[in-house]
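A short worksheet on the structure shown next.
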Protein chains: 2
Amino acid sequence: MRCYSWNVNGIRAVARKGLLPWKQLPRADVFCLQETKAHVEQLDPEVSEPKGWHAYYSSSQRKGYSGVAIISRKEPDEVIEGLGVRKLDQEGRVLRARFGDLLVISAYFPKSQPEGPRFDYKLDFCRGLRRFLKKQVDAGLDVLLMGDYNIAHEPIDLARPKQNLKNPGFLPEERSWMTRFLKSGFHDVFRERNPDLDGAYSWWSYRFGVREKNIGWRIDYGTVNTALLGRVADAAIHPNIAGSDHCPVSVRLK
Amino acid sequence: MRCYSWNVNGIRAVARKGLLPWKQLPRADVFCLQETKAHVEQLDPEVSEPKGWHAYYSSSQRKGYSGVAIISRKEPDEVIEGLGVRKLDQEGRVLRARFGDLLVISAYFPKSQPEGPRFDYKLDFCRGLRRFLKKQVDAGLDVLLMGDYNIAHEPIDLARPKQNLKNPGFLPEERSWMTRFLKSGFHDVFRERNPDLDGAYSWWSYRFGVREKNIGWRIDYGTVNTALLGRVADAAIHPNIAGSDHCPVSVRLK
DNA sequence: CGTCCAATG
DNA sequence: CATTTGACG
């Protein structure tokens, strides 16, 4: 099962450009999308109901903001929006699809601020998500968490770590949540397989043409619980896929 | 002197499309533009200071809203913004350029509402403008008033008069102001020369592709005071000039 | 339907 | 720098 995570930065814009994920990545089995920025009613049928795929969207109340999707060839046994935590479920940031005892999750972590309410919200989201995942694993499910975590974990995960020590996405609290998360039975499969690989990024600012120079951040991940690790065949980043300021990342399960 | 009036619906958009007036209408001597929708600082130099032209802009306080311009080959002897009536001069709707004793005015009349404050404002503007023009003529100036009047005067001036009897732009009060204006020493030179010409419009809604079907309105005019009438060589409409939902209209003076 | 703004990223 | 909405036309 090839599973891709892609922050599309507006799925309507991606469609307009003819760069829909299933057109660019035809060998995929599942797409976990983030920042779809649309309600289902706003989408053309080719986007909301692509032929040969089952598509599920979860949107923010607020129009044009946030939003995630899971689009799979196989019909999931169950699809559920949110974490089941009211205050964390208002922004279309989590969607999960169960295939047997495998839970595939598309998550769009909030972007934090150096301080203030969005900083607190992001940490609440991180903690709430981890509790949720632990429960699912304890209940016997395997978990594949695909998404835009909006966190670069270690200095190797961004081109300019020193300049960004005080910037959202690389704040100490975000990084240490990630460390604890990865010590609590979840695995950043791309990094475990490529421990010293420099320049592997999934996001580049649109400004100053830095994508050409590969001045980017790795903030999109696929992580799995320990029991699932043995089924991971492959983990990859696809920097040449165009259409967004993020590129897709993938995990293949046997 | 060939003088064109064109509501450009955003001069930056027109520039982006490579459809600037002086590129499309090289034989012009003066352009009176409306709905420039920009402050001068927002314009590229090729728009704010086109080579071979003298350009003057008057903008609304509010960004991206309204705004008029006069762009002429010859340098005017004097250029003044507004009517000199505080409350009518806040929206960048009037700019005048004097060439000797000829006053060329670029005017963007407000769009009215069936009732409410914008209806009153439009009628105030109409009345204020007429008083102003009378003063100029009384002072010995000739006047060429080019602009988007946002009024279709008679049924012949729009494709669907019956459907629009209660719609802004064809309201009784607007039409009767126009009638009185044209009885008070001003002349709609295009209509006087083409009294029965149907289908001569200067604006078409962007919606439903009605421009192809020529379902439009004539709301852009060049009018002159009686003394100037003898110098009018020609009055025309240019429906094939693209770039806006309005087309240019022109008056040529001997 | 299209131009522009403001918020968000 | 790009994508959205919302106001306005």
Side-chain angles (χ1 to χ4, degrees), chain A residues 7-17 19 33-39 42-43 59-67 91-93 108-113 116-118 121-122 148-150 167-169 203-212 215-217 219-220 242-246, chain B residues 7-17 19 33-39 42-43 59-67 91-93 108-113 116-118 121-122 148-150 167-169 203-212 215-217 219-220 242-246:
Chain A
N7 179 319
V8 291
N9 190 24
I11 195 156
R12 285 173 290 177
V14 167
R16 216 180 300 129
K17 294 179 259 187
L19 297 174
L33 308 181
Q34 300 87 36
E35 279 203 273
T36 48
K37 293 190 174 183
H39 291 110
Q42 300 175 302
L43 297 175
S59 307
S60 174
Q61 287 290 120
R62 173 164 168 202
K63 290 182 99 183
Y65 179 73
S66 187
E91 297 183 357
R93 296 188 174 275
Y108 175 46
F109 288 51
K111 189 174 170 69
S112 76
Q113 297 286 344
R118 294 305 286 180
Y121 185 73
K122 195 216 186 117
D148 174 0
Y149 293 48
N150 259 317
N167 287 340
W203 176 81
W204 304 263
S205 170
Y206 275 127
R207 302 171 229 200
F208 321 115
V210 300
R211 187 158 179 174
E212 320 320 311
I215 300 172
W217 299 47
I219 58 180
D220 301 272
S244 165
D245 52 346
H246 293 248
Chain B
N7 179 319
V8 292
N9 190 24
I11 195 157
R12 283 173 290 176
V14 168
R16 216 180 300 129
K17 294 179 258 189
L19 296 175
L33 307 181
Q34 300 86 35
E35 279 205 271
T36 48
K37 292 190 174 184
H39 291 109
Q42 299 176 302
L43 298 175
S59 307
S60 173
Q61 288 290 121
R62 174 160 168 207
K63 289 181 101 184
Y65 179 73
S66 189
E91 298 184 356
R93 295 188 175 276
Y108 174 46
F109 287 52
K111 190 176 170 68
S112 76
Q113 298 287 342
R118 293 307 283 180
Y121 184 73
K122 199 223 184 108
D148 174 359
Y149 293 49
N150 259 317
N167 287 339
W203 174 79
W204 304 263
S205 170
Y206 275 128
R207 302 170 229 198
F208 321 115
V210 299
R211 188 160 179 172
E212 319 320 311
I215 300 171
W217 299 46
I219 57 180
D220 300 272
S244 166
D245 50 348
H246 295 248

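Chain A is the first sequence line, chain B the second, and so forth, proteins listed ahead of strands; every chain is numbered from 1. Please read all numbers here as calculations on a predicted model, not as lab measurements.
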Residue list, side chain to side chain donor-acceptor pair (under 3.5 Å) with [X], at least two apart or on another chain:
X: A:N150; result: none
X: B:S112; result: B:E174
X: A:N9; result: A:K37, A:Y206

Legend entry - Residues in salt bridge (Lys or Arg N to Asp or Glu O under 4.0 Å) contact with B:R62, at least two apart in sequence or another chain: none

Legend entry - Opening and closing nucleotides of DNA chain C in contact with chain B, under 4.0 Å to non-hydrogen atoms: C:dC1 to C:dC5

Legend entry - Test ring-ring contact (aromatic ring centres under 6.0 Å, His included) applied to A:Y108 - qualifying residues, sequence neighbours left out: none

Inset, instruction - List for me each residue that meets ring-ring contact (aromatic ring centres under 6.0 Å, His included) alongside B:F109, sequence neighbours excluded, and say none if there are none. - result: B:F125, B:Y149, B:W177

Inset, instruction - For each nucleotide in nucleotides 4-9 of chain D, reading 5' to 3', give B when a protein heavy atom comes within less than 4.0 Å of its base, S when such contact involves only the sugar-phosphate, and - otherwise. - result: SS-SSB

Legend entry - For B:Q42, all residues meeting side-chain contact (heavy atoms from CB on, under 4.5 Å), sequence neighbours excluded: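 side-chain contact (heavy atoms from CB on, under 4.5 Å) list for B:Q42, sorted by chain: B:R12, B:A38, B:H39, B:K63.
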
